[in-house]
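Order of appearance sets the numbers: ligands from 1, and atoms from 1 within every ligand. Note that the coordinates shown come from a computational prediction; the quantities given were computed from them, not determined experimentally.
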Amino acid sequence: MNKVIACAPGKSILFGEHAVVHGYPAIALAISLVSSCEIEQIPEKRVELCLKNSNKFYKQDNAEKLIEELPKKYKQISTCLRLFQQNYELIFENTKITIASQLFKSAGLGSSASIAVALVEAINAFHELNLTKSEVSDIAYEMEKVVHGTPSGIDNTICTFGNVIHYQNKEFVFIPLSKEVKLLITFTNASHDTKRAIEKVRKFKMTHLEKCEEIFTQIGEIALEGKQRLKEGDLQSLGELMNENQELLEQLGVSNKIISKINEIALKNGAFGSKLTGAGLGGCVISVGEDDTLYYLEKLLKGKGFPCFVANSDNVGVRSVKKE
Ligand code: MEV
């Protein structure tokens with residue numbers, strides 16, 4: 001029986017979230033935690049879907065019935081199945097799909113994008129479709145739109161290609177690093193709603209056009225400067241730029257008290273910089289500093305009830321292996 005396992009990394013936005021939705025540059029780094037999707041051939045003429053993190057299992061005679069049964073919150077998955085049925089004439093029979101993720105859900109780490117990318121790549125590898133990474137990313141983007149409304153496309157891109165990228169208006173380039181960047185990632189214990197956060201910023205833009213454009217422009221400039229500091233491996237300056245980006249995100253209205261509290265703890269205890277990552281209004285905070293500082297902070301913040309971990313970058317992006 002055939003079996004395929006695909007993995008895609010999560011991500012962290014170092015600079016430029018929200019502004020990137022409006023066409024400004026942003027910098028994203030793929031992190032070492034992944035989502036995975038396993039597809040295996042089963043003897044029964046049916047399709048099974050196992051969602052490990054939510055402990056859910058669905059079983060139907062065919063994909064059409066499965067799509068009908070799936071609750072709205074899994075619309076991303078049904079969109080994917082339908083898309084492959086229609087555009088590639090795939091029939092999901094004798095198939096078991098298992099999806100799992102190491103990422104906090106709705107927390108700014110790209111869990112939905114990395115699941116989407118892993119699922120698309122698993123289907124690609126299982127059915128030997130020979131899709132390129134760009135095609136995998138494009139399909140994942142269609143799935144992202146279903147959940148997030150008008151995403152910039154940065155999440156599916158970084159989860160597909162890995163590494164560190166400069167992203168703007170659906171185009172990206174890799175940023176070569178002179179030194180590995182470790183991030184302390186701290187969960188605020190509150191998940192967020194990306195669609196709502198994007199909407200909030202859009203409303204702010206409608207009511208404060210000039211101010212908003214000014215903030216976006218500054219964020220864009222910080223992102224470009226951050227790109228240089230990353231190339232040089234200058235962590236101290238990188239941290240300072242992250243602090244500036246955080247201030248601008250506060251002005252956009254997407255930070256909150258818990259994010260500020262975590263930033264304050266991180267900065268008081270030696271981090272070079274700390275900011276929210278992703279949509280904000282909850283989710284995760286990222287901090288940079290010397291390795292010792294990050295591991296010290298990890299203990300400290302865990303002691304205060306904030307789940308956190310030190311992440312390395314992922315330099316591969318989506319990948320899959322086939323097992324006969
Ligand atoms: C991406 O992780 C966060 C936002 O910039 C939305 C997007 O770019 O699609 C807020």
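With hydrogens and angles left out, the side-chain atoms of S32 and D314 include no donor and acceptor closer than 3.5 Å. Between the side chains of Y24 and E213, a donor-acceptor pair is found at a separation under 3.5 Å. Side-chain polar atoms of T150 and R202 form a donor-acceptor pair below 3.5 angstrom.
A salt bridge links D291 to K182: at least one charged side-chain nitrogen sits closer than 4.0 Å to a carboxylate oxygen. Ion pairing of E264 with K261 is absent here, as no side-chain N (NZ or NE/NH1/NH2) approaches a carboxylate O to less than 4.0 Å.
Sorted by chain then number, the residues whose non-hydrogen atoms approach ligand 1 to under 4.0 Å are K11, I13, E17, H18, V20, V21, P151, S152, I154, D155, I198, G278, A279.
Remark: the backbone N or O of P151 is paired with a side-chain donor or acceptor of Y141 at under 3.5 angstrom.
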